[in-house]
2 protein chains.
Amino acid sequence: MLTINRKTDYAARILLHLAMQPPGTTVTVQEAAQARLVPYPLARRLFSLLANAGFLKTHRGKGGGFSLARSPAEISLLEVVEAVEGPVALNRCTVEPQECPLVSDCPVHEEWVKARDVLRDYLGRVSFQQLAERAIQPRNHPDPRGGAQ
Amino acid sequence: MLTINRKTDYAARILLHLAMQPPGTTVTVQEAAQARLVPYPLARRLFSLLANAGFLKTHRGKGGGFSLARSPAEISLLEVVEAVEGPVALNRCTVEPQECPLVSDCPVHEEWVKARDVLRDYLGRVSFQQLAERAIQPRNHPDPRGGAQ
DNA sequence: TATAATGATACCATTTTGGTATCATTATAC
DNA sequence: GTATAATGATACCAAAATGGTATCATTATA
Ligand code: FES
Ligand code: FES
């Protein structure tokens, strides 16, 4: 199967969780891991990774946690995938040209590159802003009587 | 890295090799493996797989080999990828919905599905006919023997 | 009948994956 | 100022996937 790995999926869930909070909210690993069903120790590592990659600010010590370092509008799914998973290469040789001794005479190569670009392009256009908005809509069932609580 | 695996790359090379021959040509594993730099025992397995998947006809016995079972114009890169590698899922849950307990309330899901469709769509449009034609064009280097055909 | 090809499949070492555990550090709450 | 609740960093692990080899059986030709 050609798929992203579990960690990448988890990271996306985590960032989405952050993006769904009011701006500036600090979230603890515990909370996010429970809410988005990510195994806690793995969530620990992923939060760290996302912080090191510049997506999150960390707040250490009691009462601490993580908050977004950038606006959800400026974080794309592509960035997260590549931060966790490494490049979207599609074929190894698009990223390590020395890998394939045929590269100078390989007509398939160009198509792997183009397909990769198509995919990267799409993922690059998906922002966590969009995702969060989409998430919130079905959450508050439009309740004309104002009984949300 | 998000990539196809080596076997898939090899399979594509092999099918391209076939597609570049005059229609109906029978090719031996030895020959193709050498020409496209695929380790021989692995090439054996891949030819078998491609034959079982309906891409190739086999000719057993001395003087045998493999030939295309379908026109190169009707074989897409996508089909080969999925035959060797399994589905282009992008995220596991697009193919095994029970995988993710969040699927009913996961706004990312839809984007994985769409991104996957974009990728599958592109790969589905690349035929080995095109690839073979593109391969032959730049072959302007005069062949030591007979030249172009 | 010897030979040259594929069919099928078992085997293997290495890497990747998904996950856990631990100890160190930091900041708050009281 | 100390107990506590959080992150930082990293080591560890089992299981699966990956990339590759080897072997024996079968088939058809020369
Ligand atoms: S060299 Fe990149 S696909 Fe052949
Ligand atoms: S359920 Fe498919 S991405 Fe969340």
Side-chain angles (χ1 to χ4, degrees), chain A residues 1-14 18 25-34 36-67 69 81 84-87 89 91-93 96 99-100, chain B residues 1-14 18 25-34 36-67 69 81 84-87 89 91-93 96 99-100:
Chain A
M1 256 202 311
L2 183 56
T3 63
I4 59 169
N5 56 33
R6 296 302 57 230
K7 286 179 200 171
T8 303
D9 180 67
Y10 290 156
R13 293 191 206 175
I14 285 168
L18 270 289
T25 304
T26 286
V27 162
T28 181
V29 173
Q30 276 278 3
E31 182 198 320
Q34 272 173 17
R36 309 313 287 189
L37 301 180
V38 181
Y40 173 72
L42 201 37
R44 286 286 307 280
R45 276 172 36 185
L46 287 171
F47 268 97
S48 266
L49 187 158
L50 292 172
N52 289 333
F55 297 105
L56 302 178
K57 275 195 293 237
T58 83
H59 307 271
R60 299 187 68 176
K62 192 170 180 178
F66 294 84
S67 60
V81 170
V84 179
E85 179 120 10
N91 197 352
R92 207 167 209 94
C93 54
E96 297 165 5
E99 177 75 19
C100 176
Chain B
M1 257 204 309
L2 182 58
T3 62
I4 59 169
N5 56 34
R6 291 318 38 238
K7 285 179 201 171
T8 303
D9 180 67
Y10 290 157
R13 294 191 206 176
I14 285 169
L18 270 289
T25 304
T26 286
V27 162
T28 178
V29 172
Q30 276 279 3
E31 180 198 321
Q34 272 173 17
R36 310 313 286 187
L37 302 180
V38 180
Y40 173 72
L42 201 37
R44 286 286 306 278
R45 275 171 38 184
L46 287 171
F47 268 96
S48 266
L49 187 159
L50 292 172
N52 289 334
F55 297 105
L56 302 179
K57 277 196 291 238
T58 81
H59 307 270
R60 301 188 67 177
K62 191 170 182 176
F66 295 84
S67 59
V81 169
V84 178
E85 179 120 12
N91 197 351
R92 206 165 209 94
C93 55
E96 297 165 4
E99 178 74 20
C100 176

Taking 4.0 Å as the cut-off, does a side-chain nitrogen or oxygen of [X] come that near to OP1 or OP2 on [N]?
X	N	value
B:Y10	D:dG19	no
A:S48	D:dG8	yes
B:T58	C:dA5	no
A:T28	D:dT7	yes

Whole angstroms only, please: what is the [atom1]-[atom2] distance between [X] and [N]?
X	N	atom1	atom2	value
A:F47	D:dT10	CZ	P	20 Å
A:D9	C:dT17	CG	C1'	14 Å
A:R92	C:dT15	CZ	C1'	10 Å
A:L42	D:dG8	CG	C1'	16 Å
B:R45	D:dT18	CZ	P	12 Å
A:L46	D:dG8	CG	P	13 Å
A:L37	C:dG18	CG	P	17 Å
B:L2	C:dT17	CG	C1'	15 Å

Nearest atoms (heavy-atom pairs only) where [X] meets [Y]:
X	Y	result
A:Y40	A:A33	CA-CB, 4.2 Å
B:A11	B:V84	CB-CG2, 3.6 Å
B:T3	A:A89	CG2-CB, 3.5 Å
B:E85	A:L2	CG-N, 4.1 Å
B:T58	B:A51	CG2-CB, 3.5 Å
B:I4	B:D9	CD1-N, 3.9 Å

Among the candidates [options], find the nucleotide nearest to the side-chain atoms of [X].
X	options	value
A:Y40	D:dT7, D:dA11, D:dT21	D:dT7
B:N5	D:dG19, C:dA21, C:dG7	D:dG19
B:R44	C:dG18, D:dT23, C:dT20	D:dT23

Checklist entry - Just checking A:F66: base, sugar-phosphate only, or nothing, at a heavy-atom cut-off of under 4.0 Å? => result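 A:F66: backbone/sugar contact only, no base atoms under 4.0 Å.
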Checklist entry - Looking for any heavy atom pair under 4.0 Å, which part of the strands does B:P41 touch: base, sugar-phosphate only, or nothing? => result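 Answer is base: heavy atoms of B:P41 come under 4.0 Å of a base.
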Next on the checklist: For A:R6 and B:N91: C-alpha separation, side-chain torsions, deciding distance, then whether side-chain contact (heavy atoms from CB on, under 4.5 Å) applies.
Outcome noted: CA-CA 9 Å; A:R6 296 302 57 230; B:N91 197 351; 3.0 Å; yes
Item to check | Pairing pattern in dot-bracket form [Watson-Crick, G-U; both distances under 3.5 Å; | = partner strand] for DNA chain D | outcome: ||||||||||||||||||||||||||||||
Next on the checklist: Judged by each residue's nearest nucleotide on DNA chain D, which is more toward the 5′ side, B:E85 or A:G64?
Outcome noted: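 On the 5' side of the pair lies A:G64.
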So, taking the atom named [atom1] in [X] and the one named [atom2] in [Y], what distance separates them when rounded to the nearest 0.5 Å?
X	Y	atom1	atom2	result
B:T26	B:L18	OG1	CG	9.0 Å
A:L49	A:L46	CG	CG	6.5 Å
B:H59	B:F66	NE2	CZ	9.0 Å

Next on the checklist: Once hydrogens and angles are ignored, does a donor-acceptor distance under 3.5 Å link the base of C:dG19 to the side chain of A:R6?
Outcome noted: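 Checked by distance alone, the answer is no.
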Give every pair of a protein N or O atom and an N or O atom of nucleotides 25-30 of chain C that lie under 3.5 Å apart, one pair per line with the distance.
unit_1	atom_1	unit_2	atom_2	d
C:dT25	O2	A:R60	NH2	2.6
C:dT26	O2	A:G61	N	3.4
C:dA27	N3	A:K62	N	3.4

